[in-house]
Visitor: 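Quick one: the structure is below, questions incoming.
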Amino acid sequence: MNQPAPSMLAAPRRWLLGIALLCVAFAASAQQDPPGRIARLNYQQGTVSFAPAGADSWYDAQPNRPLTTGDRLWTDRNARAELHVGSAALRLDGQTHVEFTELDDDTARITSNQGNLQLRVRDDLSGQRFEVDTGNLAVVIDEPGEYRIAADPAAGTTWVAVASGRVTLHGENGQSQSLGARQQLTVAGRDLSAVGGAPQQGGGFDAWVAERNRIEDQSISARYVSRDVVGYQQLDAYGDWQSDPTYGDVWFPRNVDADWAPYRDGQWVNVAPWGLTWIDAAPWGFAPSHYGRWARVGPRWGWVPGRPNGRPVYSPALVGFVNGGGSAGGAGGVGWFPLAPGEQWRPGYRASQRYLDQVNRMAIYNRQALRSDFYANQQMPGAVTVVPADRFGRGPFGRRDLMRLPDDRFSRGPVAPTPGINVNAFGGFGRPAAVVPPAAALVARQQQIQLQQAQQQQLMQQQQQMEWQRQQGWRQQQDSRQQQDWRAQQEWQRRGEQERWQHQQQQQLQQQQLQLQQQQALRQQQEMQQRAAQAQALQQQQLLQQQQAQQMQLQQMRAAQQQALAQQQQLRQQQEMQQRAAQMQQQAQAQQQALQQAQLRALQQQRGIQPAAPQPQPQPGQRGDDPRRLWTSPDSRQ
């Protein structure tokens with residue numbers, strides 16, 4: 001991403017005045033809308049001090065107080081702090097000083113003149129600018145990633161290390177240098193002069209950063225809300241998410257009293273540019289106080305984050321004030337109640353319709369919200385919080401400060417965006433800090449302020465010089481204008497020719513790149529075709545081998561079948577030969593018996609013996625007459 005050089009380090013130019021005047025005019029037209037993005041002290045170890053914008057006094061840091069343009073933080077020795085700017089996380093090591101030089105919807109410029117910090121940017125930065133300034137350079141974040149920056153005011157050096165992503169370093173006189181992932185550089189002076197070595201790192205900071213990244217990545221609440229909802233991390237440890245058929249995903253806080261209601265434990269303070277702002281006392285109270293809406297679901301209060309589409313817009317307090325004029329219920333008190341899902345929030349300051357649409361975009365709309373005179377929680381028993389008018393805005397208040405009034409006092413009363421009392425004196429900065437930044441950090445800040453003042457004086461001098469030139473006379477101005485026009489025309493022609501030449505070079509380069517891409521694509525296609533042909537040939541070879549193996553198996557099976565068939569035929573032939581031999585033996589025995597009988601009959605005829613009646617054939621196992629006995633006469637038997 002090409003980023004312009006930061007204004008604090010840019011070289012003077014003749015057209016700087018015109019741009020500055022345009023910027024002032026534009027800023028004046030948009031002054032009515034406060035920024036929708038803020039920062040928050042999300043986590044701290046040790047002593048962390050806070051100085052509000054426009055003040056030199058330091059106080060103990062309050063986690064639930066929003067941080068915006070001009071606010072400063074200091075971490076004492078062995079202290080650490082984690083801040084969130086939208087979805088980006090800023091981690092500070094001990095003895096680190098930071099100031100939010102500029103913080104709005106499009107720009108986040110942080111100045112760190114001393115100390116060691118780590119920055120983790122999650123989202124794409126298209127159309128936005130994220131910048132970290134030190135005493136001698138400006139670091140512009142070009143891509144999402146993780147970055148380490150250490151400033152040493154005593155040595156006048158800045159160390160920048162890029163773990164992932166890309167940054168551009170800007171010095172004075174338009175000098176710049178880019179750093180990519182896994183690159184680091186130590187710079188001395190304002191001309192980006194590189195020096196060797198890296199600053200000595202305190203033990204444990206990298207491990208602490210890694211642990212904070214792990215906790216952030218494993219957040220359960222990030223599944224239900226956008227990471228741009230500042231303060232969502234605390235919801236994991238102090239409540240539970242449930243799905244409701246009316247409101248969708250709802251978060252319910254744990255361990256709250258039975259008579260607790262939203263916006264009841266905390267204080268009202270005046271935070272510029274929003275004015276009256278609610279600072280909740282609960283560690284989880286930031287996100288539910290400045291985003292979404294509250295609803296009574298059964299016996300419990302639940303926070304409804306609303307639609308997750310688009311970047312959420314910070315609101316100082318999403319409440320409605322009852323009776324507005326500081327006489328809630330006619331009892332000399334100030335009352336307020338949380339807005340319900342779908343109800344439009346109206347700020348107490350002047351804002352455009354575009355801002356109102358954006359700040360109410362996340363609300364879930366229901367049928368009751370279509371009535372502008374109806375507020376669901378105003379009629380909910382126990383939802384309205386009332387304190388005495390002289391107690392309102394005088395620091396944190398407790399349960400003993402609440403006014404107990406009947407609920408019907410508020411069910412039909414008028415609702416206003418402000419309490420109707422003076423809030424200019426509501427500082428709410430807390431206790432004075434026990435530890436303030438050392439003189440070196442303050443001196444570095446004074447030097448930076450002096451540098452900005454010098455630039456403003458130089459701008460004023462340029463303005464006076466231009467005014468003096470306009471007073472020199474019409475002819476001299478006309479000649480000067482003609483010369484300027486001629487020079488501008490020459491410059492325009494030169495730039496046109498240069499742009500045409502650059503365009504031609506770009507076209508040629510694009511054509512060469514296109515040809516190279518086509519050649520690479522052709523080579524890849526040929527390689528793919530060769531690989532496909534080789535794979536096809538290998539597949540065919542494997543198929544042929546399989547077919548040959550199958551044929552060999554088939555032949556072996558056929559040979560085995562033929563051998564078995566031959567064995568069966570041989571067995572049948574042996575059986576047939578045995579049967580034939582038995583039949584021939586039987587026939588031979590029958591012929592022999594027939595011959596013997598014929599001989600016997602012939603002998604009997606010769607001897608005149610009548611043939612005897614045929615005797616029954618003896619059964620197997622029975623004794624019969626021996627045929628040899630028939631051959632002898634009766635005489636011979638004796």
Visitor: Take atom CG in D244; do more than 12 heavy atoms of anything else shown fall under 6.0 Å from it?
Guide: yes
Visitor: With a 6.0 Å cut-off (strictly less than), is the heavy-atom count around CD of Q539, excluding the residue itself, greater than 12?
Guide: no
Visitor: Report yes or no: do D236 and S221 form a side-chain donor-acceptor pair below 3.5 Å?
Guide: yes
Visitor: For F50, is the NZ or CZ atom of R65 found under 6.0 angstrom from the centre of its six-membered ring and inside 45 degrees of the ring axis?
Guide: no
Visitor: H290 and ring-ring contact (aromatic ring centres under 6.0 Å, His included): which single residue from W345, Y232, Y314 fits?
Guide: Y314
Visitor: With a 3.5 Å distance limit and no angle check, can you tell me whether S164 reaches the backbone of E146 through a side-chain donor-acceptor pair?
Guide: yes
Visitor: Got a salt bridge between R91 and D206, using NZ or NE/NH1/NH2 to carboxylate O under 4.0 Å?
Guide: no
Visitor: Out of Q233, Q234, E82, which residue meets the side-chain hydrogen bond (donor to acceptor under 3.5 Å, both in side chains) rule with R40?
Guide: Q234
Visitor: Please check if the side chain of T75 supplies one atom and the backbone of D93 the other of a donor-acceptor pair under 3.5 Å.
Guide: yes
Visitor: For side-chain contact (heavy atoms from CB on, under 4.5 Å), just list the numbers for L571 and Q567, CA-CA rounded to whole Å, side-chain angles, deciding distance to a tenth of an Å, and then say yes or no.
Guide: CA-CA 6 Å; L571 181 59; Q567 291 178 354; over 6 Å; no
Visitor: Strictly below 4.0 Å, N to O, side chains only: are R223 and D249 in salt-bridge contact?
Guide: no
Visitor: Would you say T111 and T101 are linked by a side-chain donor-acceptor pair, where the criterion is simply a distance under 3.5 Å?
Guide: yes
Visitor: Has T69 got a side-chain atom pairing as donor or acceptor with L103's backbone, closer than 3.5 angstrom?
Guide: yes
Visitor: Do V304 and W294 pass the side-chain contact (heavy atoms from CB on, under 4.5 Å) test, and can you show the C-alpha distance, the side-chain angles, and the key distance before you say yes or no?
Guide: CA-CA 6 Å; V304 183; W294 282 91; over 6 Å; no
Visitor: As a test of understanding, state which of W284, W301, Y224 forms a ring-ring contact (aromatic ring centres under 6.0 Å, His included) with W251.
Guide: W284
